[in-house]
Amino acid sequence: MPVHLTPNAIAAISAGDLNSKPLVQVIDIKLLGTQERYRFIVSDAVSCQHAMVATQLNDRIKTSQVKKGSIIQLTEYISSYYQNRKIIVVLNMETIILDSEIIGDPKPYVESGSTAQKALPNNNFENSVRDSNNYMISQESVRNVQSLRPTSHSGTSLNCGPNLRPTFHSENSVHNVPNFRPTVQPPYQPPPQYKNHGSIVKNEAPARIIPINALNPYQGRWAIKARVTAKGDPRRYNNARGDGKVFSFDLLDSEGGEIRVTCFNAVLDRFYDTIEGSLKPAQKNFNHLKNDWELTLDASSTVELCPDEDGSIPEQKFSFRHISEIENVDSNSIVDIIGIVISVNPSVPIMRKNGMETQRRIVNLRDWSGKSVELTLWGDVCNREGQKLEDMLASGLFPVLAVKAGKINDFSGKSVGTIHSSQLFINPDIPDSHSLREWFDRGGKDTASVSISKDIVPGGSKNEIRKTVSQIKDEGLGRSDKPDWVTVKATISFIKTDSFCYTACPLMIGDRQCNKKVSRSGNRGWQCDRCDQEFEECDYRYLLQAQIQDNTGLTWATAFQESGEEILVAQQRTCTC
DNA sequence: CCCCCCCC
């Protein structure tokens with residue numbers, strides 16, 4: 001049975017239709033430059049138009065689930081602009097027919113009676129704003145590529161041009177949240193409740209509010225309404241690119257979309273006090289949210305507080321994993337867990353590598369999966385009334401503890417640690433918390449549970465990834481910028497005695513000394529390549545260089561001085577000579 | 001433009 005492409009699909013999308021889920025044919029696929037970004041030309045048999053493909057769909061193209069000639073259904077898409085041209089942004093699609101001859105003789109779509117297709121002069125904002133339906137002008141669309149960038153955990157990358165101008169509204173709470181579903185945009189009617197602060201365009205209309213999950217770099221002006229679910233502390237940095245300060249916060253909207261937002265320097269000064277976290281994060285961190293994008297505010301961004309509470313945006317979003325599942329979760333993963341606190345160990349002082357002393361406390365969490373896990377906490381943990389966790393246990397209460405963004409460690413079995421942006425919730429008012437309580441009180445308390453922690457492997461260390469010397473060599477471990485952590489059992493067969501220390505960079509990076517090896521610069525100074533700075537006096541660090549061997553081979557190993565007199569094998573360098 | 005995941 002022949003499949004018909006949806007008549008006038010391109011014109012309809014161009015006109016703003018977002019709901020018809022049309023069938024179109026992919027008549028061309030191009031990978032843009034070195035970016036991981038695909039561009040289709042899609043056709044309805046009469047007209048065709050360029051379509052940018054969301055990077056989460058890249059695999060479909062790479063694995064030939066969509067190819068030139070494929071007939072696809074556009075299930076989620078928007079119309080936008082790219083380089084002054086109207087384009088389609090494909091957010092999701094289904095392949096209907098993988099291989100097909102090109103249908104019809106499609107011509108590039110030209111809108112009739114519209115100025116939209118006419119290329120706008122660069123920076124001519126006035127022109128574009130007069131087009132009230134489509135003030136998402138191309139220049140802004142392109143610039144937004146930079147403000148919205150792939151998160152570091154996604155493999156995508158986008159080329160970031162200079163400067164950009166997103167418009168952004170963020171609220172702690174919102175009244176009258178529009179129930180947003182992309183539909184045909186009606187002619188603009190200014191909603192009375194939104195003012196436009198600091199806009200770069202005169203007489204500019206407020207941007208439309210869209211779901212966080214619909215954000216994409218090809219969008220023009222936009223706004224999101226969201227709750228601040230985490231707020232980091234401002235942090236200073238100093239690196240080869242200069243110094244500055246930065247802070248980040250997390251947003252959650254009424255549709256469950258989350259995104260991390262970052263501001264630097266003057267932008268930080270402008271927004272830091274405005275952003276109020278409804279919850280105080282225990283610690284701070286970088287991105288762990290389920291969003292391919294993160295957002296950077298700039299001087300033209302606006303943030304507006306919406307003072308009225310709105311229940312449609314939850315306080316926090318969790319994706320809990322059962323403790324039994326944690327056993328099979330990769331080390332260093334960031335997960336949400338919830339459990340009953342069944343024990344709280346006394347806190348013990350721990351000396352950190354930077355010389356600071358902190359208090360560590362281990363608690364045990366149990367859930368209905370029949371497993372328990374150790375959770376490492378730093379400092380005191382209190383509920384909203386200021387009652388400490390250990391005091392609650394001491395008075396016979398077994399509180400529910402939910403951990404947002406806990407980190408899985410595999411030291412001694414699997415355990416859970418916290419990272420800077422982890423958040424703890426004692427007896428949170430959420431369904432999982434109530435059902436856990438009920439399970440525990442109705443007999444779960446008396447059932448057996450097995451800990452997934454404390455399964456100490458002899459000789460195990462940080463990651464317990466045991467390698468032979470030949471595996472280290474074959475896999476090229478220790479050769480990249482970031483260290484690889486392995487455990488190796490070997491014999492020291494030779495110790496180098498002529499170099500027991502090296503000239504080290506004394507500059508501080510955050511709270512840690514750089515310590516990179518420095519070289520002579522000019523007559524009397526030293527130069528650090530990492531810090532890109534010169535200084536008169538260098539520091540000295542001990543190191544131990546040795547040959548180690550096991551029954552698979554021989555390699556060089558270097559032990560660096562981490563702090564004080566402690567020597568740790570921090571890095572493996574295989575000998576290439 | 002940050003990117004630091006604390007201790008065995």
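Throughout, protein chains are lettered first and strands after them, A, B, ... in sequence-line order, and every chain is numbered starting at 1.
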> Can we say K245(A) and D269(A) salt-bridge, meaning some charged N sits less than 4.0 Å from an Asp/Glu carboxylate O?
Replying inline: yes

> Do you see a donor-acceptor pair shorter than 3.5 Å between the side chains of S519(A) and Q527(A)?
Replying inline: no

>> Expressed as a whole number of angstroms, how long is the span from D269(A):CG to dC1(B):C1'?
In response: 15 Å

> Given the rule in the ring-ring contact (aromatic ring centres under 6.0 Å, His included) test, do F318(A) and F425(A) qualify, once you have shown the distances and angles that lead to the verdict?
Replying inline: CA-CA 11 Å; F318(A) 298 96; F425(A) 300 85; 5.3 Å; yes

> Counting side-chain heavy atoms from C-beta on, which of dC7(B), dC1(B), dC6(B) comes nearest to F264(A)?
Replying inline: dC1(B)

> Atom CD1 of I362(A) and atom C1' of dC6(B): how far apart are they, to the nearest Å?
Replying inline: 13 Å

>> Can you measure D233(A) atom CG to dC6(B) atom P for me and round it to whole angstrom units?
In response: 17 Å

> Can you tell me how far P of dC8(B) sits from CG of N345(A), to the nearest Å?
Replying inline: 17 Å

> Do the side-chain N or O atoms of K245(A) get closer than 4.0 angstrom to the phosphate oxygens (OP1, OP2) of dC1(B)?
Replying inline: no

>> What is the distance, to the nearest angstrom, from the CD atom on E357(A) to the C1' atom on dC7(B)?
In response: 12 Å

>> Determine whether a donor-acceptor pair (one donor, one acceptor, N or O, separation below 3.5 Å) exists between the side chain of Y237(A) and the base of dC1(B).
In response: yes

>> If I take atom CG in residue N332(A) and atom C1' in nucleotide dC6(B), what distance separates them, rounded to the nearest angstrom?
In response: 14 Å

>> In this structure, how many angstroms lie between the C1' atom of dC1(B) and the CG atom of N238(A), rounded?
In response: 13 Å

>> Quick check for you: among dC6(B), dC1(B), dC8(B), whose closest atom lies nearest to any side-chain atom of N265(A)?
In response: dC1(B)

>> Can you measure N409(A) atom CG to dC6(B) atom C1' for me and round it to whole angstrom units?
In response: 10 Å

>> Applying the 5.5 Å / 30° rule, does W378(A) stack onto the base of dC6(B)?
In response: yes

> Quick one: does NZ or CZ of K62(A) land under 6.0 Å from the six-membered ring centre of Y38(A), within 45 degrees of the ring axis?
Replying inline: no

